[in-house]
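Below is one structure, written out as structure tokens; the observations come after it.
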Amino acid sequence: MSTVVSERATAGASAKTPRRVRRPGTKAAPYLFVLPALALFAVFKLYPIAWSFWLSLFRTDGALQSFAGTANYERLLRDPLFWTALRNTGVILVVQVPLMLAIAIGLAVAFGSALLRFRAFIRLGFFLPMVTGLVAYGVLFAVLLNPQSGLVNWFLGLAGIPAVPWLADTLWARIALGLALTWHYTGYNAVIFLSRLQALPRDHYDAAAVDGANAWKRFRHVTLPGLRPVVLLTLVMSTIGTLQLFDEPYVLTNGGPDNSTLTLGLYLYNNGFKFFDFGYASAIAYALAVIIGFLGIVQFRFLGDKS
Amino acid sequence: MNRRNAVGGVMLTSSLLIAVTVVLVPFYWLVVGSTHSTAEVFDSPPPLLPGGHLLENLANLEASIGFSRVVLNSVLISTIYTVLAGLVCTMAGYGFAKYDFRGKEFLFGLLMLGLVIPSQVTLVPLFKMMLALDWLNTYQAIVLPNLALPFGIFLMRQSMSALPDELLAAGRVDGCGELRLFVRVVLPPMRPALAALGIYLFLYQWNDFVWPLIALRTRDAYTIPLAIASLQGATETDYGQILAGTAVAALPMALLFLLLQRHFVSGLLAGAVKE
């Protein structure tokens, strides 16, 4: 409302100063501010998105392209590797993401506890992995988890635990990928949860304490409901991130062994930029977009109704 | 009660200290590993203290992939990107936060679509576009496509909306044009938010991998993540080199973050948590 008033004030003021050259007034100004972003977005995002759909309708044979209708999508449905990639991505989504968010909530509660010492150092330590690039930490984890002579197996050996075939065994490669992801993103999520916790009104806790609620009950009935909108946010962001997962499996395992860490993002890349099958890669991209859209809607339905 | 609290505090603090040590071990070991030869890296037991091969590893990096050129590429690309994307996102954020105009909600919604549409959807067309423009292996191929970063715009809109309207009104009454208002009145109090945005953009570009992997095909155009990944593919993988390169990629960013973390965390949270 106040903007409208001030716009009039400006218009009036500039009308009274005749020597000033007519400049684009407040009417045009907002468009000029958002124009660069919109133009760049249209050229480098919207147009490629539409083009990608068009491409997905073509069969690519070397340099030749022929219109194929829905053939790429039909191929997708029958492609066992696509289903493998989808299943791998799904496993990360239902195992790693909830586990990571649960740890992050626990960390946030601990960060907020009055009993905790060295709070700043601890918080920062958990946040630091977020700064590390995906390739850098992928390489680092590959070395640390080296089955023969990596640091992790050496430590396990000290405790008398036999060497774990990290990255070489289908199950352990998946666990390694999950560990790397958890290492990277948990602190970031914890800091987001913490900021929400700090914004929760104190008196809810006081009221619960007066009612004789113990720590667990306070957590269950005050903290968790309070975190709800942020849980939704982090869940949606993590889901989107997981479905696009590419860098970590590319660097850590290159999808192996036996395709056990092949993700949709990696499969898309392989088809597009290893086999140069642009049509099929585009179809995978669209399948991915549909899945993300679908899961986003489901998550908002189940968690978002209360905001 | 007090006694229980004291015991609880010690237990909580010590368990978190152990956990944070585990989290930080990879960083420590990165420093250690980058100062050892490949043979030493895979010694049993593994080296736990720094060795004397750092300079040799860096020299090998230079010999095998021209690492100084790669670092220069990363620094230039990230800096140019941060300045330009910072400008684009800040302007857009301001426009959406502080003006009312036709189509505002629709246009903002359109931009936010970029947050949920997987970036992979655009990879193939962007590659074809760059090929047609003959822009493969150039800085602009990396910098331009992500300038209008939806998260950056979102972050700036959130921060800008906290700016009091009275400040803008006062500026206008004083005869400030809209552009000068933006530069002189709006930007100065936004400095913390701009710092957060700047760090975010720099980190984003510094670490970006998929798009540079596709658009940069020659070694002299590589950025650091590409160089590291390309070394890993080599038959005789020299892990001393790789770890030294990884340290160059990760440690300056960690330092930058430690120096500026107060701005960064609060700025990011302002974007993430406000409804």
Honestly, the part of A:T234 sitting under 4.5 Å from a heavy atom of chain B is neither
Answer key: most heavy-atom pairs under 4.5 Å with chain B among A:Y269, A:W54, A:Y286, A:F118 is A:Y269
Under 4.5 Å to a heavy atom of chain A? For B:V10 that would be neither
Is there side-chain contact between B:P150 and A:F41, with heavy atoms separated by less than 4.5 Å? yes
**Asked** Does the side chain of B:Y99 come within less than 4.5 Å of A:V34's, by heavy atoms?
**Response** no
Would you call B:T13 and A:L115 a side-chain contact if the rule is heavy atoms closer than 4.5 Å?
no
Rounded to the nearest 0.5 angstrom, the CG-CD1 distance for B:L115 and A:I240 is 7.0 Å
Okay, A:L116 and chain B: the region with an atom under 4.5 Å from a heavy atom over there is both
The interface call for A:A142 against chain B, heavy-atom contacts under 4.5 Å, is side chain
Within-4.5 Å side-chain heavy-atom neighbours: B:L110 and A:L46: yes
So, the part of B:L87 with a heavy atom under 4.5 Å from chain A: the answer is neither
With chain B, the option among A:A50, A:G272, A:P129 that has the most non-hydrogen atom pairs under 4.5 Å is A:P129
Beyond-backbone contact of A:Y250 with B:V210, side-chain heavy atoms, under 4.5 angstrom: no
Please report, to 0.1 Å, the donor-acceptor pairs under 3.5 Å made by any side chain of residues 117-124 of chain B, with sequence neighbours excluded.
{"from": "B:S119", "atom 1": "OG", "to": "A:Q244", "atom 2": "OE1", "distance (Å)": "3.4"}
{"from": "B:Q120", "atom 1": "NE2", "to": "A:Q244", "atom 2": "O", "distance (Å)": "2.8"}
{"from": "B:T122", "atom 1": "OG1", "to": "B:S119", "atom 2": "O", "distance (Å)": "2.8"}

Per-residue tally against chain A (heavy atom, under 4.5 Å) across B:D208, B:T246, B:V20, B:L12 peaks at B:V20
In terms of heavy-atom pairs under 4.5 Å with chain A, the winner among B:V25, B:I153, B:V88 is B:V88
In short, A:T132 meets B:A250 closest at the heavy-atom pair CG2-CB, 3.9 Å
Item checked: Min side-chain heavy-atom separation B:L30-A:Y137 under 4.5 Å -> no
Exercise. Is there side-chain contact between B:L213 and A:F246, with at least one heavy-atom pair below 4.5 Å?
Worked result: yes
Exercise for review: Please step through side chain to side chain contact (heavy atoms under 4.5 Å, CB included) for the pair A:V143 and B:L243, ending with a clear verdict.
Suggested key: CA-CA 9 Å; A:V143 177; B:L243 288 171; 4.3 Å; yes
Those residues at least two apart in sequence (or on a different chain) that pass salt bridge (Lys or Arg N to Asp or Glu O under 4.0 Å) with B:K128 are none
Given B:L24, B:L17, B:L251, B:I214, the one with more heavy-atom pairs under 4.5 angstrom with chain A than any other is B:I214
Review point. Considering residues, nucleotides and ligands other than B:R217, do more than 12 of their heavy atoms fall under 6.0 Å from its CZ?
Key: yes
Turns out that what part of B:F209 lies under 4.5 Å from chain A's heavy atoms comes down to both
Max heavy-atom pairs within cutoff under 4.5 Å with chain B, candidates A:V139, A:N254, A:I284, goes to A:V139
Ranked by heavy-atom pairs below 4.5 Å to chain B, first place among A:L264, A:I292, A:L128 goes to A:L128
As a quick check of understanding, evaluate side chain to side chain contact (heavy atoms under 4.5 Å, CB included) for B:L16 and A:L107, giving each step before the final call.
CA-CA 9 Å; B:L16 278 178; A:L107 279 179; 3.5 Å; yes
Original post:
Parallel under 30°, tilted from 30 to 60°, perpendicular over 60°: which one fits the rings of A:F273 and B:F127?
Top reply: perpendicular
Smallest heavy-atom separation, B:A148 atom then A:A37 atom, equals CB-O, 3.4 Å
Rounding to 0.5 Å, atoms CG (A:L32) and CZ (B:F182) come to a distance of 12.0 Å
Given A:F44, A:F33, A:F111, A:F278, the one with more heavy-atom pairs under 4.5 angstrom with chain B than any other is A:F33
If you tally heavy-atom pairs under 4.5 Å between each of B:L144, B:L147, B:L48 and chain A, the highest tally belongs to B:L144
Applying a strict 4.5 Å limit to non-hydrogen atoms, the region of A:A281 in contact with chain B is side chain
Okay, B:L107 and chain A: the region with an atom under 4.5 Å from a heavy atom over there is both
Okay, B:A19 and chain A: the region with an atom under 4.5 Å from a heavy atom over there is both
Okay, B:L203 and chain A: the region with an atom under 4.5 Å from a heavy atom over there is side chain
Of all heavy-atom pairs linking B:V23 and A:W183, the shortest is O-NE1, 2.7 Å
Are any of the side-chain heavy atoms of B:M129 and A:Y47 separated by less than 4.5 Å? yes
Looking only at B:A92, B:A85, B:G95, B:G33, most heavy-atom pairs under 4.5 Å shared with chain A are made by B:A92
Turns out that what part of A:L55 lies under 4.5 Å from chain B's heavy atoms comes down to side chain
Of the listed A:T239, A:L134, A:L140, A:L268, the one with the largest count of heavy-atom pairs under 4.5 Å with chain B is A:L140
The interface call for B:F96 against chain A, heavy-atom contacts under 4.5 Å, is both
Turns out that what part of B:Y239 lies under 4.5 Å from chain A's heavy atoms comes down to side chain
